[in-house]
Number of protein chains: 2
Amino acid sequence: MNNPNNRDLQATLDAQRKSWIDSANDAACDFPIQNLPFGVFSTAQQANARVGVAIGDRVVDLAALHDAGLLNLPARTRENVFARAALNDFIALGRDAWRSVRVQLSSLLAKDTATLRDDAALRARALVKLADATLHLPVEIPGYTDFYSSKEHATNVGSMFRDPKNALLPNWSEMPIGYNGRASSVVVSGTPVRRPNGQLKLPEQERPVFGACRKLDIELETGFIVGRGNALGEPIACEDAEAHIFGMVLLNDWSARDIQQWEYVPLGPFNAKTFATTISPWIVTLDALEPFRVAQPVQEPQPLEYLRHAGNHGFDIALEVLLRPEGADEATTIARTNFRHMYWTMAQQLAHHTVAGCNTRVGDLMGSGTISGPTPDSFGSLLELTWNGKNPLALKNGGTRGFIEDGDELTLAGWCQGEGYRVGFGECVGKILPALR
Amino acid sequence: MNNPNNRDLQATLDAQRKSWIDSANDAACDFPIQNLPFGVFSTAQQANARVGVAIGDRVVDLAALHDAGLLNLPARTRENVFARAALNDFIALGRDAWRSVRVQLSSLLAKDTATLRDDAALRARALVKLADATLHLPVEIPGYTDFYSSKEHATNVGSMFRDPKNALLPNWSEMPIGYNGRASSVVVSGTPVRRPNGQLKLPEQERPVFGACRKLDIELETGFIVGRGNALGEPIACEDAEAHIFGMVLLNDWSARDIQQWEYVPLGPFNAKTFATTISPWIVTLDALEPFRVAQPVQEPQPLEYLRHAGNHGFDIALEVLLRPEGADEATTIARTNFRHMYWTMAQQLAHHTVAGCNTRVGDLMGSGTISGPTPDSFGSLLELTWNGKNPLALKNGGTRGFIEDGDELTLAGWCQGEGYRVGFGECVGKILPALR
């Protein structure tokens, strides 16, 4: 680093890593210039939802930048795909377009680039305070699939409800078990979630009763958004699968454990899950996650050939769950874990999903399954954290929780820690409303 | 009937029951004037898909009729909702509009109505030979749910794979068990279906192998199309549920039994079902089915209150499954049953689906589950008809079948028998292509 040329190079790199939007340079900010996640927003001044990118405490209005001629898209693109209420049309342009737009934005927002920085009129049109933006579901979701890919989670659940000695079912180690979720009830962070009613089978009664869920839970998950689909009958090879992924979000797979336990045999969870699934509003691209790629856990037995891929396919994403009771000043962090513990990779999930011929479409959401780590404070659901309510958690305000109570606000957070910056997902929040009577 | 006024009335009614399209008056025709099912079609001459109604051996082009000013829609409707590649926009106009259009068509197509009958130029624009029409998926399907509502089917499967003495699980009699299906792979009748590959767990081997499904099966089902959705958190009451249903189709829930048996615990069927689901192209409205309403089976124990509805909610729909091997001249009817055997009603399915708060949307498809009758020749799957392959079926050409072979063409048919006419569903056909290698 004593060579002046090297120093110049380093200075240039550093400059590229900083933005003229100062808030983006805070080491604790989720949205530095290294991130540039995509979302959909509207404002009181301009009610039409449109595509934006988060940076610092601002949203860059890509529809406005495009109108100003500052974003090049593939020549065939005739319309402003950013002036839409969902990202699907942009995503459908393909990976070269995603990457190109990200690079263009990275340049436009870099400390030394004057184009937007020094044009007050353009800044007024193209930059919005994050605090003033209403964030919408970022994509139209044609299909939602939820996997079950954390070995620790599957083992915990199997121990609790089946047999601790054979907690993991034999098929679990051979394939990323998944099931079809309900796409219609995927909502964006901040949407209140009503406690569901349903059939509850109480141990002391012969028949079920109808009533409000008594074991309302979260599931800490991530989800990925399909960026390139496949035709019916044409599987995606495991080695190619990551090229089909646009990016990732945080996902809370709200679960009514009592409804689930009574209904789920033999066809799987239904009403226990279909009442709401919350995702974070910003899609963090795989390109932004690239520096945080790590090895997935060792897979033993070696997966069948269609599930094999060379290289590292895990990602080092720190994850947290926070619970804030109604009226409390402070939230309690009830779990800390990491996406790197996930046994099956996203690529393997997508390869398995399509191997029998199933088609996927741009915007499809694929949930990871509950992400539980190896220690009791790293479990991704209250079911596991409290061991089905037996060991309630202590909260900062003095209360305790077995499962979620009305008025509780649950927040998922996640980020990749870089040197002096972090690539964050923002928050995935939902507050529980009382059940309908 | 001796009173001349009564005779006149009867003659008028008879005339209304006949069409000037002669083929519609054949007692064996699926599409008499009493039916008027809705679909989407295109032709070689006019490649844009548009909404049509089947009558006799013709399709009435509703986009053309609308352009000719012959169809009144609600005053707020500004665009030609029939000039679309899916029925969703028309369906979204609401039940009054569906009924009004049906009544208008019933009048236009009646024997004594000259408007279209005697206008050769208009007929040339608005009538297409069914044989010349390419039929498309009639709706965009935002969500697909499959139920499991035949007591006989659930009992057969439970006997085979669990315990013959306790074949029906305790939750089955308390709720219409259902699960989320995969909407992306719902295809229209006639689409070839490729035999899926997947993990097969052979009894003699410790680990699964990867290969082509060896136990490919059909499931004879009907499906209903949601005509009016509900908002998240606002359940549909059982008494109101039929008003949310636009109509019914035949549905073949293709199933890979070997893949299913290995993968389905604990989250339900996934790759065993997601490779294809075939539906018939014509949606028969609940209004057309109204004369065939019958009592559903007695439900014991009495369902919980949210699943109760007064009156009759079954429908007398004769159903058949035919199998034709590659190159065979003739198909063999391998099963005959009736929708009236279904234990849980469509209204109960929709009420249950939404009771925890799940939202539904116009175009959602809800499968009945395999419709098995009480006798061994009335079972709705090869799994049951051959008792998991143990008792192969004899075919007309001399062959036998345990499960489906490559090149086999499977056809579902269904109709309601009226006096001198039948309200039919047309065919739901799929031919099996060999698995990918």
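By convention in this document, chain letters (A, B, ...) are assigned in the order of the sequence lines, proteins followed by strands, and residues within each chain are numbered from 1.
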Sort B:Leu304 into side chain, backbone, both or neither according to what part of it lies under 4.5 angstrom from a heavy atom of chain A.
both

Just verifying a value: how many Å separate B:Thr278 OG1 and B:Trp254 CH2, rounded to the nearest 0.5 Å?
5.5 Å

Indicate the atoms forming the closest heavy-atom contact of A:Ser381 with A:Arg257, along with that distance.
CB-NH2, 3.7 Å

Any residue meeting side chain to side chain contact (heavy atoms under 4.5 Å, CB included) with B:Leu200, in chain and number order, not counting sequence neighbours:
B:Leu202, B:Val209, B:Arg214, B:Asp258, B:Ile259

Quick one: do the B:Glu140 and B:Asn88 side chains pair a donor with an acceptor below 3.5 Å?
no

If you count heavy-atom pairs within less than 4.5 Å of chain B, which of A:Thr274, A:Leu232, A:Asp146, A:Val193 leads?
A:Thr274

Let me confirm one number: the CD1-CD distance from B:Ile279 to B:Glu221, rounded to the nearest 0.5 Å.
12.0 Å

Could you check which of A:Glu263, A:Arg207, A:Arg361 has the highest count of heavy-atom pairs closer than 4.5 Å to chain B?
A:Arg207

Sole candidate of B:Phe147, B:Tyr343, B:Tyr148, B:Trp344 that passes ring-ring contact (aromatic ring centres under 6.0 Å, His included) when paired with B:His153:
B:Tyr148

Give the member of A:Pro208, A:Ala435, A:Gly233, A:Cys213 that has the highest number of heavy-atom pairs under 4.5 Å with chain B.
A:Pro208

By residue number, those in residues 157-172 of chain A with heavy atoms under 4.5 Å from heavy atoms of chain B are A:Arg162, A:Leu169, A:Pro170, A:Asn171

Rounded to the nearest 0.5 Å, how far does OG of A:Ser189 lie from CG of A:Asn252?
9.5 Å

Euclidean distance, A:Arg308 CZ relative to A:Gln299 CD, rounded to 0.5 Å:
10.5 Å

Ring pair (Phe, Tyr, Trp, His ring centres under 6.0 Å) partners of A:His309, counting only residues at least two apart:
A:His313

May I ask you to name which of B:Ala356, B:Pro196, B:Gly357 has the most heavy-atom pairs under 4.5 Å with chain A?
B:Ala356

Under a 4.5 Å cutoff for heavy-atom pairs, which residue among B:Asn197, B:Ile141, B:Thr354, B:Thr145 has the most contacts with chain A?
B:Asn197

Look only at the side chain of B:Thr191 and the backbone of B:Val187, and say whether a donor-acceptor pair between them is shorter than 3.5 Å.
no

So which part of B:Pro266 gets closer than 4.5 Å to some heavy atom of chain A, the side chain, the backbone, both or neither?
both

Identify which part of B:Phe210 has an atom lying under 4.5 Å from any heavy atom of chain A, answering side chain, backbone, both or neither.
both

Distance alone, cut at 3.5 Å: any donor-acceptor contact between the side chains of A:Gln349 and A:Ser149?
yes

Most contact-rich option vs chain B, by heavy-atom pairs under 4.5 angstrom, among A:Pro142, A:Pro301, A:Ala276, A:Ala212, is A:Pro301

Only pairs of heavy atoms separated by less than 4.5 Å count here; which of B:Arg194, B:His352, B:Lys201 has the most with chain A?
B:His352

Do A:Lys215 and A:Asn388 come within less than 4.5 Å of each other through their side chains, counting heavy atoms only?
yes

Nearest 0.5 Å, what's the CD-CG distance between A:Glu219 and A:Leu251?
9.5 Å

Pairwise distance OG(B:Ser372) to CE(B:Met342) - rounded to 0.5 angstrom
8.5 Å

For B:Tyr306 and B:Gln348, which I'm curious about, is there any donor-acceptor pair between the side chains at under 3.5 Å?
no

Name, in order of residue number, those residues of residues 173-185 of chain A that have a heavy atom at a distance of less than 4.5 Å from a heavy atom in chain B; otherwise write 'none'.
A:Glu174, A:Met175, A:Ile177, A:Gly178, A:Tyr179, A:Asn180, A:Gly181, A:Arg182, A:Ala183, A:Ser184, A:Ser185

Chain A heavy atoms under 4.5 Å from B:Thr360: which part of the residue, side chain, backbone, both or neither?
both

